[in-house]
Amino acid sequence: MAGPKAPRADNAHSFRYCDGPMTDLHASYRKLVLQVRKLSRLEEALKLLEWDQATYMPPGAHGERAEQTATLAAVVHDQRIAPQLLSLIDELAAHLPELSPSAAVDVRELKWRADRLRRVPTALQSARAQAQSLARSAWSEARETGQFQLLAPHLEEVVRLEREYAQAIAGDGDLYQVLLEEYEPGIPESLVREVFEQLRKPLRQFAQRLTDLAEQRRKYPSVLRGSYPISSQRELNRYVAERVGFDFSCGRMDESAHPFSISIGRDYRITTRYDVSDLRVGLYSTLHEVGHALYEQGLLPEAHGLPRGSACSLGIHESQSRLWENFVGRSEAFWRFLLPQACRVFPTLRNASLDAILADVNEAHPTFIRTEADEITYNLHVLVRYELERKLIEGELQVMDLPDAWNAKMRELLGIVPPSAREGVLQDIHWPSGAFGYFPTYTLGNVFAAQMMEAVDQQIGPLSPHIERGDFTPLLDWLTRNIYHFGQQYRSTELVFRLTGSPPSARALLHHLHLRLEWLESHARRP
């Protein structure tokens with residue numbers, strides 16, 4: 001099908017507030033824009049504190065940082081639910097049909113969030129921020145030592161407060177649905193369950209085939225494992241980030257224990273993680289986070305701070321990181337482009353064949369660490385977390401029982417058991433950060449990315465010739481026109497349907513992963 005047209009000037013790029021001449025409604029919307037943008041500056045300061053804590057903050061500052069974060073979070077929440085702002089949103093929402101399409105998007109989305117937040121006491125928001133900051137610090141120590149008991153009391157408090165937060169919003173409704181919508185607005189959890197059910201059986205079968213394949217794979221030595229100095233990896237990773245489109249004039253790349261991307265206004269920051277013995281760890285962490293940053297850098301600058309200038313959802317955000325990391329970064333065309341530069345930075349790679357490198361970057365077998373998992377088994381890692389966090393929120397699983405439950409779920413879905421909590425339940429920072437309902441967005445992102453790449457192929461033709469030349473512009477332009485510039489004009493399920501002509505489904509992803517698996521099996525059978 002033909003792709004959607006780029007947004008019209010009056011519903012995406014313009015600041016027309018309402019149809020017709022200047023009115024009181026026009027003035028009210030302008031006042032709302034000013035207030036929301038002022039609030040966004042406070043939120044950006046909070047993000048800067050979080051970024052600093054994850055990168056350069058000295059370890060002795062954890063306690064004060066928790067207090068700083070809690071104080072500012074309380075200020076932000078008070079501003080979000082200030083009576084003057086809420087009444088302004090309510091007034092404009094009552095006249096939604098009279099607003100221009102662009103203003104209507106902003107008001108609609110602000111109203112949806114305001115109706116959630118006005119039910120949450122400021123003291124609860126402050127307590128959540130403080131508990132999460134302390135839990136993140138405890139997680140760092142627990143992960144380093146492999147001692148879950150160091151995190152457990154902090155995580156118990158985080159879970160308690162997240163349940164209280166969800167209860168404040170949901171009333172008698174589903175608590176997990178509320179937390180899921182924090183990241184994927186408007187999506188029914190029934191759709192999430194349906195996607196995972198479509199994936200569960202085929203992916204478990206794929207994982208078993210990969211286990212059977214592992215013995216044959218051992219006859220091929222890895223060419224991307226070895227000795228790769230971090231300083232040289234930084235050089236290669238910066239080259240890759242710049243070539244695919246990351247703008248370092250308003251962004252930076254650092255290192256952290258858990259790679260992440262964060263936008264502080266028009267200041268876009270990503271972190272990655274390097275392994276001196278494996279070139280793939282840093283490279284694919286970087287591509288993943290650059291995918292997030294490209295989305296942020298592609299949003300409409302004139303709508304900054306407003307819903308139209310904000311990402312659609314975490315699932316759509318994740319679709320961009322997985323698209324660049326996997327659909328682009330693990331392709332033959334990408335390595336035809338990158339290999340000459342990689343050989344310049346690491347001369348030992350001159351002896352490596354393209355075929356051997358492709359086998360390395362698409363290597364797949366059940367492993368313990370989600371962020372380093374291959375495409376084929378990755379969503380099983382997400383399923384582990386989804387099923388456990390839902391039980392935590394529903395009160396069916398206690399925090400102290402989490403390590404054993406984690407190991408049992410890993411055995412059930414991936415056929416392996418982590419040797420320690422460090423490789424198991426302690427590997428992610430999301431739960432200490434209060435991000436319950438977040439993990440399903442990773443799989444939704446994979447599902448969305450597969451459908452998007454099918455649409456790209458149908459609408460603009462094969463990308464391989466462009467990528468092989470190092471020309472990522474056709475893909476980035478398509479994404480910018482069809483996703484980035486829409487901001488929150490559409491909810492994720494509607495956006496995916498507009499792009500692909502189909503509702504979200506695991507079909508395209510399973511087809512893509514099946515082709516990957518067949519390639520690996522074919523490669524392993526070679527003499």
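For clarity, every value in this text was computed on a predicted model and none was experimentally measured.
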Sub-3.5 Å donor-acceptor pair from the side chain of [X] to the main-chain atoms of [Y], do we have one?
{"X": "Y284", "Y": "N326", "answer": "no"}
{"X": "R322", "Y": "G291", "answer": "no"}
{"X": "Q427", "Y": "G424", "answer": "yes"}
{"X": "W324", "Y": "E289", "answer": "no"}
{"X": "Q451", "Y": "S505", "answer": "yes"}
{"X": "Q233", "Y": "Y228", "answer": "yes"}
{"X": "H77", "Y": "V120", "answer": "yes"}
{"X": "R411", "Y": "I416", "answer": "no"}
{"X": "D278", "Y": "R280", "answer": "yes"}
{"X": "T286", "Y": "G282", "answer": "yes"}

Salt bridge present between R113 and E181 (N-O < 4.0 angstrom): no

Salt-bridge test for E43 and K47: reply yes if a basic N is under 4.0 Å from a carboxylate O, no otherwise. no

Residues which pass side-chain hydrogen bond (donor to acceptor under 3.5 Å, both in side chains) with [X], listed by chain and number, not counting sequence neighbours:
{"X": "Y268", "result": "R266"}
{"X": "Y484", "result": "Q320"}
{"X": "Q53", "result": "S137"}
{"X": "N379", "result": "T443, N446"}

Under a 3.5 Å cutoff, is there a donor and acceptor pairing between the side chains of [X] and [Y]?
{"X": "H292", "Y": "E318", "value": "yes"}
{"X": "T377", "Y": "D374", "value": "yes"}
{"X": "E184", "Y": "S492", "value": "yes"}

Once side chain to side chain contact (heavy atoms under 4.5 Å, CB included) is applied, do any residues pair with [X], and if so which ones, sequence neighbours excluded?
{"X": "P121", "value": "L124"}
{"X": "P403", "value": "F148, V425"}
{"X": "P153", "value": "none"}
{"X": "R252", "value": "W51, Y56, D254, R269"}

What pairs meet the salt bridge (Lys or Arg N to Asp or Glu O under 4.0 Å) rule with one or both residues in [range], with sequence neighbours excluded?
{"range": "residues 150-159", "value": "E157-R160"}
{"range": "residues 57-74", "value": "D52-R65"}
{"range": "residues 193-203", "value": "E189-R193, E197-R200, R200-E387, R200-E412"}

Is atom CD of E144 surrounded by more than 12 heavy atoms (other residues, nucleotides or ligands) closer than 6.0 Å? no

Would you say NZ of K409 has more than 12 non-hydrogen atoms from neighbouring residues, nucleotides or ligands within 6.0 angstrom? yes

Under the salt bridge (Lys or Arg N to Asp or Glu O under 4.0 Å) test, residues paired with D78 that sit two or more places apart: none

Let me see the working for R37 and V33 under side-chain contact (heavy atoms from CB on, under 4.5 Å), right down to the final yes or no. CA-CA 6 Å; R37 283 187 163 151; V33 168; 3.7 Å; yes

